[in-house]
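Note that these values count all heavy atoms, side chains included, but never hydrogens, waters or copies made by symmetry.
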Amino acid sequence: MNNKSSNSNINIDYTLVGIIVLLGATSLFTLYSIAPFLPAKYDNSHFLLKQAIWYVVGGGFIALIMLIDYDRFKQLTWWIYGFGIILLLMLFFRFPGPLIIEANDAVSWLKFPILGTLQPSEIMKVILVLSNAHVIDNHHQKYMKQTLKSDIWLIIKIALVTMLPAGLVAVEPDLGGFLVLSAISGAMILVSGVQWKIILPIITAAALAIGSIVTAYYLIPDKLSAFFEQSVFNHVASRFYGWMDPEKYLDSGYQLILAMQAIGSGELFGKGMSHLQVNVPERHTDMIFTGISEQFGFIGASFVIALFFLMIYRLIYIAIQSNDRYGSYLVTGLIGMFSYQIFQNIGMSIQILPITGLPLPFLSYGGSSTLTYLVAIGIALNVYSRTRKFMF
């Protein structure tokens, strides 16, 4: 029995579309208001126009995705996965010529003559959602009877699919991208049907590891610092120390100090449009939330957070309502991606979490990220449009 609507009767989740439109308008409005205050090294005059163009192009991608039954993604999954891996390998091997762009001590961008710059780690987020959904759905079709052995095998398969792209992103180094890919796979494992007696030990081990590092920072800081300096985690350590004590470790904590000053100075109603006094680095990208908070205060920041809550709620609704298992897995992966990235970006601005190079979805300036998130919304709308509604 076909549980999906036909292409001739496509349903649109206008609530989700409206939320994305509001987020896009907020992004454009904020970029316009902060542009005069950005450093001279940026070509500020084109930020607003470029972001608007990316939204238009992203809208075109959504329309294109809506024309394709999302089941067709299964047939292309490994081709798309291979394409994403090739892009990451080009960064890893420092592909010769002008294609490689290095910024902030990380090699995370490719530059093409016509397409412009491209960040493969952003594209890989949606690709990983498609890949994991395919793996989980095929696994349940093959193993109709759930056993402890089959659950462990499913986790191994998800880990194998995740480790290669996550590892390539981590060595760029891009800690934020690595954590998002991990969050996507983690969210999909939670809804994959794997027994909790397997999941709980994994969560407990991760929590103990994080707790041990924080405890070691207070009890044996010198030994912890020496360990980090002699390991591949030196880049991560600088972010960690800047988060724990930004005033002591100014090299990595200076941005956090300015971010909190900007957010706090906005108070309840903000200073008003284009009234910015705190010069926060990367305010148009990773730190755009500080620009909103300083100008429009707690009220403006709460409005943005409310929009994100509504967006996540609609995605959860779509995942639950879908009567196709593969569709639910797809949307769940997108929920994991958005939820973690929103929490991380806002959390790092107020010292809840360490600073990582993650944009705020739909608000931060950036072509690769904006297009990736709009493609993700297109997939969710596709699942919603082809969910058949039953009267009983």
Check your understanding: Would you say Leu256 and Leu353 are hydrophobically clustered, going by side-chain heavy atoms of ILVMFWY under 4.5 Å?
Key ->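 Each belongs to a different hydrophobic cluster.
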Point to revise | Joint cluster assignment, Leu219 & Tyr217, ILVMFWY side-chain distance < 4.5 Å | key: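 No, Leu219 and Tyr217 fall in different hydrophobic clusters.
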Check your understanding: What residues, two or more places apart in sequence or in another chain, satisfy side chain to side chain donor-acceptor pair (under 3.5 Å) together with Ser33?
Key ->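 For Ser33 the side chain to side chain donor-acceptor pair (under 3.5 Å) partners, ignoring immediate neighbours, are Gln295.
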Are more than 12 heavy atoms, taken from residues, nucleotides or ligands other than [X], located less than 6.0 Å from that residue's [atom1] atom?
X      : atom1 : value
Gln141 : CD    : yes
Tyr249 : OH    : yes
Phe92  : CZ    : no

Flag, side chain of [X] to backbone of [Y], donor-acceptor distance under 3.5 Å:
X      : Y      : answer
His139 : Ser150 : yes
Ser349 : Thr290 : no
Ser368 : Gln119 : yes

Ignoring hydrogens and angles, state whether a donor on the side chain of [X] or [Y] is under 3.5 Å from an acceptor on the partner side chain.
X      : Y      : value
Gln344 : Thr356 : yes
Lys271 : Ser265 : yes
Gln51  : Ser27  : yes
Tyr70  : Asp324 : yes

Review point. What pairs meet the ring pair (Phe, Tyr, Trp, His ring centres under 6.0 Å) rule with one or both residues in residues 253-277, with sequence neighbours excluded?
Key: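 As it turns out, there is no ring pair (Phe, Tyr, Trp, His ring centres under 6.0 Å) pair with a partner in residues 253-277 once direct neighbours are skipped.
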Check your understanding: Do any pairs count as a ring pair (Phe, Tyr, Trp, His ring centres under 6.0 Å) and have a residue in residues 345-368, sequence neighbours left out, and if so which ones?
Key ->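 Listed once each, the pairs are Phe47-Tyr365, Trp54-Tyr365, His284-Tyr365, Phe338-Phe362, Phe362-Tyr373.
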Point to revise | Sidechain N-carboxylate O distance under 4.0 Å for Lys74, Asp137 | key: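 The answer is yes: the pair qualifies as a salt bridge.
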Check your understanding: Could you walk me through whether Arg386 and Asn11 pass the side chain to side chain contact (heavy atoms under 4.5 Å, CB included) check?
Key -> CA-CA 7 Å; Arg386 288 172 172 80; Asn11 301 308; over 6 Å; no
Review point. Hey, mind stepping through Leu258 and Asn279 against side chain to side chain contact (heavy atoms under 4.5 Å, CB included) and telling me if it holds?
Key: CA-CA 7 Å; Leu258 293 178; Asn279 185 21; 5.6 Å; no
Review point. Quick one: CZ on Phe289 to CD1 on Ile305, what's the gap to the nearest 0.5 Å?
Key: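 One gets 4.0 Å once the value is rounded to the nearest 0.5 Å.
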**Study point:** Asp245 vs Tyr241, side chain to side chain contact (heavy atoms under 4.5 Å, CB included): CA-CA, chis, key distance, verdict
**Key:** CA-CA 6 Å; Asp245 195 345; Tyr241 285 120; over 6 Å; no
Practice item. For residues Tyr384 and Leu16, determine if any side-chain heavy atom of one lies less than 4.5 Å from a side-chain heavy atom of the other. Key: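 The answer is no, as the side chains (C-beta and beyond) never meet within the 4.5 Å cut-off.
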Exercise for review: Fit a plane to each ring of His134 and Trp78, take the angle between them on a 0 to 90° scale, and name the class: parallel (under 30°), tilted (30 to 60°) or perpendicular (over 60°).
Suggested key: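 Perpendicular, since the angle between the ring planes exceeds 60°.
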Check your understanding: Would Ser185 and Asn132 count as a side chain to side chain donor-acceptor pair (under 3.5 Å) if you check the C-alpha gap in whole Å, the side-chain angles of each, and the deciding distance to 0.1 Å?
Key -> CA-CA 7 Å; Ser185 295; Asn132 279 339; 3.0 Å; yes
Check your understanding: What's the verdict on side chain to side chain contact (heavy atoms under 4.5 Å, CB included) for Leu358 and Asp286, showing C-alpha distance, side-chain angles and the deciding distance?
Key -> CA-CA 6 Å; Leu358 280 179; Asp286 301 344; 5.7 Å; no
